[in-house]
Amino acid sequence: MKQKHLKALRVIVSLFFLIALAFIFVDFREMISTAWVHRIHGLQFIPSVVNAIAVLSFSAVGFIIVLILSLLFGRVYCSTLCPMGTLQDVFSFLSRKLSIKKRYKYTRPMNIVRYGFLILSLVSLVFGSLLSLYLLDPYSNFGRIFSDLVRPGVISFNNMLAGLFERLNWFFLYKVDHKGFAWREAAFPIFMLAVVLWLSIWHGRLFCNTVCPVGTFLGVLSRISVFRINMDKVSCTQCGKCSAVCKSSCINIREMKVDFSRCVGCFNCLKSCPSVSINYKLSRPEKKTVSPEPSKREFLSKSWIYLIALTGISKRSMIRGERSAEAGPITKKYPVSPPGSISLVHFNDYCTACHLCVTACPSQVLQPSFLEYGFKSMLQPHLDYSVAFCEYECTKCGEVCPTGAILPLTTEDKKLTQTGKVHFIMGNCIVYTDETSCGSCSEHCPTQAVRMVPYKDGLTIPETHHSTCIGCGACEHVCPAKPYKAIYVEGNPVHRVAKSPEFEELEETKTEEFPF
Amino acid sequence: MKRRDFIQKSVSLGVLSGAAMALGKTRDLFASDAIHHALPYDMVAIKGGEPDVMFDKAMASLGGMKQFVKPNQTVVIKPNIGWDTTPERAANTNPVLVGRIVEHCKMAGAKSVYVFDHTCNEGTRCYKNSGIEDAVKKAGGIMVSGMSESYYHPVEIKKGRNLKNAKVHELILESDIFINVPILKTHGGASLTMCMKNLMGVVWDRGFWHDNDLHQCIADFATFKKPTLNVVDAYRVMKRNGPRGVSVADVISMKYQIIGTDMVAADAAAAKVFGIEPSRIKHIALAEALGAGTSKLESLNINRITLQE
């Protein structure tokens, strides 16, 4: 293959992954099968690493492939597989087309920042919190942007089209209500989108070379990669054309050197060189590294301070989260984590808050949390029964989860997975306060853990059975009592196995004659 | 929405044609009203057969679907598709019956036959797993979603006591013919769910009903729009844990079907089939008091058919 074709190949592969990943994060109609969802996100670095730790198996090999690729070819991950990388390329492409920013130039690496963010992510990982990693991880940020911000737009557009087609008697599209958008959960994705947009327009791939821990980590590997970008010091005329197209600002024309740790492997420079002096080939790493070592070491020590500060913040906010829950008359001690997440601890440990399950959840009961799980697990999804309830027959969230925070369940197991337990407050119940019929809760209960029993004057009132309750929240969601619900689900910190609901055999009654 | 747009479009095409369309519609409405008086029976009760066979026989005795559906009319069928369960669980109306009703409407010359429900479980799963989507599509009908509030438009219920306003699905407001196809089963709050209770699935805010005396609201809404025809499916009947049920153990085979134009009467008959006196179900008496129909079955001309198995 000719070197100038490398860019075309990169563009094709990157657009495929960008579009495919964007699609699974806005796919509110479950159009893509879960097998394909896994193929599409299988090579994403952070979820793959987390999955390998969560399930302790080699079933998650995506990240190993990425490591090998990086050792061979440098940070090609950043320009092909990473959707956040390609998204930035799209932004900078548009900015060039709109003549906002036409040329790039070499800048010195911001080692303090990039190694700082990397160390921050790694150290927090050691201490059992993914927070700083998943707030910086490009895949999870991309997921949050598309699931939380783009998906509502896609649904609105779908509804508009569905409305138009409906008039033509076409019903292949149908309207869907997007539920549960909240500014406080959307604030972080909006912030990250703004950061990425700004940086990509004015500074190319500066995000990948300062903020992104994956970029920095793969950058360390690419220092020793087999194939590298090189400049031929003899034939180079120092015209600067390569440097002007370099989104990573890593081509130093004066010294005729490429800082390969920052090169994202976009191959734009190869095409730009009039004297074919810049090329991509098998090469030995240079002994002298471009990055100044002292500052790296300096930052290592500083990052400890950041870490200590972070843990301090997390403790304080957790206390605040618990207090706010006491305000209403229904006080919940624990949030409800998705079925298959085993326990709050398991879920909080392995969820990177990419919100793929939020998109996939057909009832939209899975919503991004704010501080329900505490600061160190912010934005991780929880079952929000004010929005909807967990579908009895559905196992979607565990099927799509890329990190193993939610493990896949069979339908049979799911139906017996107790994520929480029902609690009834008779004082709030309509049957008690108004003395009229209701039965909304029992009507929706799939296991009849909430059943209507005789009350008075022919009325029936709910009776709850903890052993068969699975905590799906149908009762809580539909309870019409105002202002306070009469029935709610308290999360199980550790999920349990519910008893299978059993009832006696019915007798077949054959009526010979019409009863009227 | 659609009717309004349709008329607007017609006007833009030409005042003459627009007027003709509008007149055509009015005439159809009068025509279908007139037909009801000519029915040979007030109600048909049939037992002992498969759902489609019972429907065929019962309709034949009423003079066929052409008694209700005129060529080129639009029809909306409202089965119970509330739950993500299989037909054997009898939480949803029998798919074979729904499919057969669509076929009858198409054979009578209906322009479009729409089927929808405001489901309790997630809509696409209910449509699929109930078997109703398949059956309707095979029969040439159109499944329409009821999942978004934007399908529902505010109406006034003039005779309502507690329920004076509701948002009703546009298909109910726009279609020429409305066929109500509930399944008979128990209900924790409403005792039994039949014709009148089934209409909860054409409104958006059901919580209001539960919060404001469920039985009264069911009766109130029965005065809003009288279905052209009601078909109560009592082929498989959920005897307990309704309306969702827990397993097939809640279901027995009864093989009944009740067809009539009066929801109150059909509900009274269905209650008796179930084995409960209609007087014990509050919304039947309340609806009767509001003039929605009669529960005095002895005053009706009922055709009782027993099929030999």
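Below, chain A is the first sequence line, B the second, and so on; all start at residue 1.
A distance of 11.5 Å separates OG1 in B:Thr85 from OH in A:Tyr392, rounded to the nearest 0.5 Å. Within the model, atoms CG of B:Asn121 and NE2 of A:His444 stand 7.0 Å from one another, a figure rounded to the nearest 0.5 Å. Here CG of B:Leu297 is found 12.5 Å from CZ of A:Phe514. Values are rounded to the nearest 0.5 Å. In this structure, OG1 on A:Thr433 lies 8.0 Å from CG on B:Asp211, to the nearest 0.5 angstrom. Taking NZ of B:Lys282 as the reference point, atom CG of A:Asp457 lies at 7.0 Å (rounded to 0.5 Å). Atom NZ of B:Lys111 and atom CG of A:Asn169 lie 8.0 Å apart (nearest 0.5 Å).
For the set A:Ser442, A:Ser440, A:Gly439, A:Cys394, the count of heavy-atom pairs under 4.5 angstrom toward chain B peaks at A:Ser440. Ranked by heavy-atom pairs under 4.5 Å with chain B, the list A:Ser363, A:Pro446, A:Ala388 is led by A:Pro446. Most heavy-atom pairs under 4.5 Å with chain A: of the set B:Met147, B:His187, B:His215, B:Glu149, this distinction falls to B:His187. By number of non-hydrogen pairs under 4.5 angstrom with chain B, the leading residue of A:Glu435, A:Glu505, A:Glu391, A:Lys482 is A:Glu391. Most heavy-atom pairs under 4.5 Å with chain A, from the set B:Gly123, B:Ser247, B:Cys120: that is B:Cys120.
Judged purely by distance below 3.5 Å, without hydrogens or angles, the side chains of A:Ser437 and B:Asp213 never pair a donor atom with an acceptor atom. No donor-acceptor contact under 3.5 angstrom links the side chains of A:Asp177 and B:Tyr151, judged on distance only.
A:Pro480 approaches B:His210 most closely through the heavy-atom pair CG-CB, 3.4 Å. Across all non-hydrogen atoms, the minimal contact from B:Glu122 to A:Pro362 is CG-O, 3.5 Å.
Between B:Arg240 and A:Phe503, the closest side-chain pair of non-hydrogen atoms falls below 4.5 Å. Side-chain contact between B:Arg304 and A:Phe516: present, with at least one pair of heavy atoms (C-beta onward) separated by less than 4.5 Å. Between B:Ser148 and A:Val176, the closest side-chain pair of non-hydrogen atoms is not below 4.5 Å.
Only the side chain of B:Ser112 comes within contact range of chain A, with heavy atoms under 4.5 Å apart. Contacts of A:Cys445 with chain B are made by backbone atoms alone, with heavy-atom separations under 4.5 Å and no side-chain atom involved. Contacts between B:Ser191 and chain A at a heavy-atom distance below 4.5 Å are absent for every atom of the residue. There is no contact between B:Ile281 and chain A, counting heavy-atom distances below 4.5 Å. Contacts of A:Glu30 with chain B are made by side-chain atoms alone, with heavy-atom separations under 4.5 Å and no backbone atom involved. In this structure, no portion of B:Leu300 lies under 4.5 Å from any heavy atom of chain A. In this structure, chain A has no heavy atom under 4.5 Å from any part of B:Trp209. Contacts of A:Leu459 with chain B are made by side-chain atoms alone, with heavy-atom separations under 4.5 Å and no backbone atom involved.
Counting heavy atoms of neighbouring residues, nucleotides and ligands inside a 6.0 Å radius, atom NZ of A:Lys499 does not exceed 12 of them.
Residues B:Arg206 and A:Glu443 are not paired through a salt bridge, judged by the lack of any N-O separation under 4.0 Å between the basic side chain and the carboxylate.
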